[in-house]
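Small disclaimer: the values here were computed from a predicted structure and weren't measured.
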Amino acid sequence: MDQSTFEDRKTISAPMHASLRHDSAHKHVSGTADYIDDMPEPDGTLHAALGMGDRAHAEILSLDLSSVRAHPGVVLVLTARDMPGENDISPSHRHDEPVLAEARVEFHGQAIFCVIAETRDVARRAARLAKIEYRDLPHWTDITDTLKDGGTLVTEPLTLKRGDAEGALEKASHRVKGRMRVGGQDHFYLEGHIALAIPGEDDEITVWSSTQHPSEVQHMVAHVLGVPSNAVTVQVRRMGGGFGGKETQGNQFAALAAVAAKRLNRAVKFRLDRDEDMTATGKRHDFLIDYEVGFDGEGRIEAVKANYAARCGYSSDLSGPVTDRALFHADNAYFYPHVLLTSQPLKTHTVSNTAFRGFGGPQGLVGGERMIEEIAYRLGKDPLEIRKANFYGMPGSERVLTPYHQTVEDNIIHRIVDELETSCDYQARRRAVLAFNETSRVVRKGIALTPVKFGISFTATWYNQAGALVHVYQDGSIHLNHGGTEMGQGLFTKVAQVLADAFQVDVSRVRITATTTAKVPNTSATAASSGSDLNGMAAYDAARQIKQRLIAFAAEKWSVAPDEVAFVPHHVRVGKALIPFSDFIRQAYMARVQLSAAGFYKTPKIHWDRAKGMGTPFYYFAYGASVSEVSVDTLTGEYHVDRVDILHDVGRSLNPAIDKGQVEGAFVQGMGWLTAEELWWDDKGRLRTHAPSTYKIPLASDRPKIFNVKLAEWAEAAEPTIGRSKAVGEPPFMLAVSVLEALSMAVASTADYRLCPKLDAPATPERVLMSIERLKTQKEE
Ligand code: MTE
Ligand code: HPA
Ligand code: MOS
């Protein structure tokens with residue numbers, strides 16, 4: 001780089017709020033971004049495969065692994081007894097998740113043993129040679145199966161209560177009761193789960209893991225090996241997508257690779273293939289929602305009572321916080337004067353469900369939106385009118401209290417919705433859709449505007465902390481490390497911008513480095529959309545400390561007041577002198593100034609009392625709204641998404657280009673969840689949709705034909721977040737609810753909009769058709 005021209009420029013290349021491409025974008029598309037499977041393998045690396053059970057629920061009577069062991073190329077076969085420490089990788093306090101099953105299996109596909117072989121192919125082939133005798137036990141695959149038997153829970157349920165819901169329902173002039181099914185979702189990250197364990201001396205081990213939560217992998221590996229955490233280092237440069245699926249689910253593969261690596265003193269790589277990944281790892285929870293809503297003649301809600309039952313799978317995993325977050329979003333953007341919400345985290349003999357973008361929030365929210373639809377169709381009004389009548393009030397109003405007793409202080413939903421309604425010409429287009437449906441017999445259209453309000457912070461309050469490690473080297477180049485992980489969301493780019501901004505240098509001076517437990521300890525999962533809020537602030541704090549030392553140094557050396565020292569583009573101004581950044585840093589080094597700092601941040605203000613169901617679990621809310629227009633063929637149920645308009649709030653965006661990408665990606669992923677992606681287990685409890693041949697994610701061709709995405713440029717976080725930005729990762733996922741409701745309107749047109757179609761999710765063409773048929777018979781009745 002030509003230092004002189006570079007130093008002369010008056011601005012830096014990418015401060016906070018600049019649209020900068022993802023730092024690895026060109027590497028992603030040209031195949032030069034290194035994922036774990038691309039790393040050169042250490043000499044003698046072995047490969048692992050799971051030996052999976054093929055019963056939903058059974059006692060293991062005998063396990064004969066002799067043929068597996070005898071297969072040429074097999075080096076080691078591990079069973080539960082081979083765990084040197086504890087055979088447990090449960091992320092919850094319940095300790096209900098073995099690395100390998102012991103006396104019984106609790107879902108079809110549960111790992112019973114693990115094969116280590118010279119090649120992956122050999123490991124996989126050998127894994128099929130086990131002879132296992134079982135005694136089958138009764139199993140529950142579905143929510144309704146377990147409810148029939150009384151409904152065993154995997155973890156403690158939650159109740160949120162305000163006022164007297166029962167009493168107010170009795171008194172309400174209108175009352176609707178219903179049930180909604182909301183499906184699950186496979187993460188379908190492009191890179192599946194993978195771990196590479198490299199043994200070190202004594203009890204030490206390094207594990208490269210595709211995980212959103214390196215610290216937890218570290219703790220789990222330590223726990224399973226029976227060694228202290230300081231013997232284990234976990235690293236990850238990037239994931240090829242995580243979407244919540246790598247918050248806890250990587251533990252098993254990292255632990256098994258580590259146990260084998262230590263036993264054999266050879267590197268062990270565990271890379272699942274797609275079928276194995278889909279069968280053996282958890283998904284989004286599907287829900288059965290029972291609701292009852294009381295309202296007046298204008299559609300104003302008086303009371304809500306709802307129960308959210310979730311298929312959690314065989315163990316608790318994150319089902320507690322996931323079902324909690326469902327309840328936290330059952331209100332979406334609406335004030336419920338009297339409310340009673342309960343969760344029912346149900347045990348089933350299926351893979352243990354886990355985090356997935358929105359973390360239960362989407363399922364909670366879609367239930368709330370169903371109630372809005374019920375009211376609208378009952379009163380013969382546009383659902384948008386009902387929405388507006390029920391929005392939380394502005395500060396000072398009486399209608400600002402959530403079911404968890406947090407006050408909504410930063411409400412901007414009215415402005416978001418008004419602007420979108422106008423900019424996309426909602427009213428005229430709705431009239432046009434209604435007119436079209438009057439005359440069109442086969443094809444029917446629907447249009448819907450739905451809002452999103454999403455709470456930002458981990459509800460596990462202690463998770464809301466982060467650390468960063470920043471070094472400035474003698475040549476003025478900067479090394480950035482923080483506890484967050486990169487999964488494609490652009491976190492590393494955003495945090496690099498924060499540092500570039502703080503030091504007023506080009507972002508190219510900031511080297512982004514792999515996440516490692518050795519540099520920043522005790523980190524939280526990169527999840528709850530909080531990555532840039534937390535790590536951005538921690539990096540900012542580290543920069544602040546280094547700058548403070550540099551200012552003190554300059555003030556003393558050049559005899560100026562500290563406020564006469566300033567970081568300006570590519571330079572430090574000291575009094576009237578302008579010193580190039582690199583020269584300044586070299587002088588600071590010569591004067592023995594510490595040029596490295598560990599930064600830290602914890603979110604202020606939040607607290608949560610789960611037992612009471614009261615508190616302020618969220619630092620702030622992110623808002624958004626979308627309008628979707630669809631066309632449905634009422635003879636086949638097939639449909640197209642014709643047009644989507646989005647207005648979304650990310651506060652003062654740290655990087656509008658990346659944030660817009662997040663909004664688009666989240667919307668399409670949400671659309672997949674609500675329309676196309678269907679998980680199906682057969683009566684033996686086998687997941688039959690375990691490959692792209694049977695499980696359909698949205699294709700490029702499913703993208704809305706017209707897709708207008710805008711960030712609310714005027715928005716700014718009310719709280720002092722990093723650059724007044726807001727989290728973006730998850731909230732826009734729920735914008736896709738407008739697709740479901742537009743489909744619902746098209747269906748409703750077949751019965752003059754007088755019956756609520758009660759369209760369950762995913763609204764596949766089959767389900768759309770069934771709902772049209774159902775309305776036909778209902779209409780005749
Ligand atoms: N974007 C991409 N490209 N890949 C991902 O895996 N995960 C989502 C979201 N956006 C994901 C993504 C989920 S579930 C979360 S919680 C956030 O990113 C996490 O990152 P952040 O906190 O840095 O936004
Ligand atoms: N969101 C995402 N992941 C989490 C949370 C949450 O609220 N709590 C624990 N893990
Ligand atoms: Mo995201 S579901 O919080 O990883």
Side-chain angles (χ1 to χ4, degrees), residues 1-2 5-6 9-35 38 189-191 212 236-243 357 468 477-482 484-515 526 529 531-533 535-536 539-540 569-570 646 648-669 700 703 707-713 715 722-733:
M1 198 179 319
D2 179 351
T5 54
F6 170 69
R9 284 186 288 123
K10 298 276 188 296
T11 54
I12 61 168
S13 63
M16 285 200 286
H17 314 301
S19 272
L20 175 69
R21 66 159 167 76
H22 191 291
D23 62 275
S24 300
H26 59 297
K27 296 190 266 185
H28 293 153
V29 296
S30 62
T32 53
D34 281 348
Y35 296 89
D38 300 318
Y189 21 59
L190 287 180
E191 177 208 36
Q212 293 172 237
V236 53
R237 171 58 184 86
R238 62 168 65 79
M239 284 160 272
F243 305 113
R357 208 168 195 168
S477 66
I478 298 168
H479 173 108
L480 164 62
N481 194 271
H482 55 73
T485 56
E486 177 63 44
M487 57 195 102
Q489 85 277 38
L491 172 65
F492 283 16
T493 309
K494 289 182 179 179
V495 182
Q497 283 176 270
V498 170
L499 269 198
D501 201 300
F503 288 110
Q504 287 293 299
V505 296
D506 278 337
V507 75
S508 56
R509 258 187 203 264
V510 181
R511 172 78 50 180
I512 299 171
T513 61
T515 314
T526 308
S529 307
S532 50
D533 280 14
N535 297 287
Y540 181 81
H570 317 290
I646 289 171
H648 194 78
D649 154 42
V650 294
R652 269 196 81 194
S653 174
L654 284 178
N655 182 328
I658 283 178
D659 285 355
K660 216 175 143 199
Q662 283 289 296
V663 175
E664 291 166 351
F667 181 88
V668 172
Q669 194 172 39
R703 179 181 184 279
F707 196 16
N708 301 316
V709 176
K710 254 185 83 176
L711 303 177
E713 275 157 19
I722 186 76
R724 295 274 171 180
S725 66
K726 287 190 183 180
V728 66
E730 296 165 290
F733 182 89

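- Between the CG atom of Leu190 and the CE atom of Met487 there is a distance of 14.5 Å, given to the nearest 0.5 Å.
- When every heavy atom of Gly488 is checked against every heavy atom of Gln662, the shortest pair comes out as O-NE2, 4.4 Å.
- When atom types are taken as modelled, the side chain of His479 and the backbone of Ile512 share no donor-acceptor pair closer than 3.5 angstrom.
- Residue-environment remark: OH (Tyr189) exceeds the threshold of 12 foreign heavy atoms within 6.0 Å.
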Requested in this report: Walk me through it: do Val507 and Leu20 pass the test side-chain contact (heavy atoms from CB on, under 4.5 Å)?
Outcome: CA-CA 10 Å; Val507 75; Leu20 175 69; 3.9 Å; yes
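- Under the 3.5 Å distance criterion, the side-chain polar atoms of Gln504 are matched with a main-chain donor or acceptor of Asp501.
- One distance of note links CD1 of Ile722 with OG of Ser532; it measures 9.0 Å at 0.5 Å rounding.
- Not a single donor-acceptor pair under 3.5 Å links the side chain of Ser653 to the backbone N or O of Val650.
- Counting heavy atoms from C-beta on, the side chains of Lys494 and Val728 come closer than 4.5 Å.
- Residues Val668 and Phe707 meet the side-chain proximity criterion, which asks for heavy atoms closer than 4.5 Å.
- The minimum heavy-atom distance between Gln497 and Ala14, with the atom names listed, is CG-O, 3.5 Å.
- The CZ atom of Phe243 sits 9.5 Å away from the CD atom of Gln489 when rounded to the nearest 0.5 Å.
- Taking the side chain as every heavy atom from C-beta outward, Asn708 and Ile646 never approach each other to under 4.5 Å.
- Heavy atoms only, all atoms of each residue included: His17 and Pro656 are closest at O-CD, 3.4 Å.
- With respect to Tyr35, the side-chain contact (heavy atoms from CB on, under 4.5 Å) criterion is satisfied by exactly one of Glu191, Arg237, Met239: Glu191.
- The shortest heavy-atom contact between Asn655 and Thr493 is ND2-CG2, 4.1 Å.
- Closest of all the heavy-atom pairs between Thr485 and Thr515 is CA-OG1, 3.8 Å.
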Report task. Could you walk me through whether Asp649 and Lys726 pass salt bridge (charged side-chain N to carboxylate O under 4.0 Å, His left out), step by step? Result -> CA-CA 8 Å; Asp649 154 42; Lys726 287 190 183 180; 2.7 Å; yes
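- A donor-acceptor contact under 3.5 angstrom links the side chains of His22 and Glu486, judged on distance only.
- The salt bridge (charged side-chain N to carboxylate O under 4.0 Å, His left out) check on Asp533 picks up nothing, with sequence neighbours excluded.
- Judged purely by atom type and a 3.5 angstrom limit, Asp506 uses its side chain to pair as donor or acceptor with the backbone of Ser13.
- Side chains of Pro569 and Lys10 form no contact here, defined as non-hydrogen atoms less than 4.5 Å apart.
- When only modelled atom types and interatomic distance are considered, Ser24 and Arg238 share a side-chain donor-acceptor pair under 3.5 Å.
- A donor-acceptor pair under 3.5 Å is absent between the side-chain atoms of Glu730 and the main chain of Arg357, judged by distance alone.
- Ring to ring, His482 and Phe492 are close: their centroids are under 6.0 angstrom apart.
- Contact of the Arg21 side chain with the His26 side chain is registered, since non-hydrogen atoms from C-beta on lie closer than 4.5 Å.
- For Asn535 against Val495, the heavy-atom pair with the smallest separation is O-CG1, 4.0 Å.
- Using a cutoff of 4.0 Å between basic side-chain nitrogens and carboxylate oxygens, Asp34 and Lys27 are not scored as salt-bridged.
- Within a 6.0 Å radius of CZ in Arg511, no more than 12 heavy atoms belonging to other residues, nucleotides or ligands are found.
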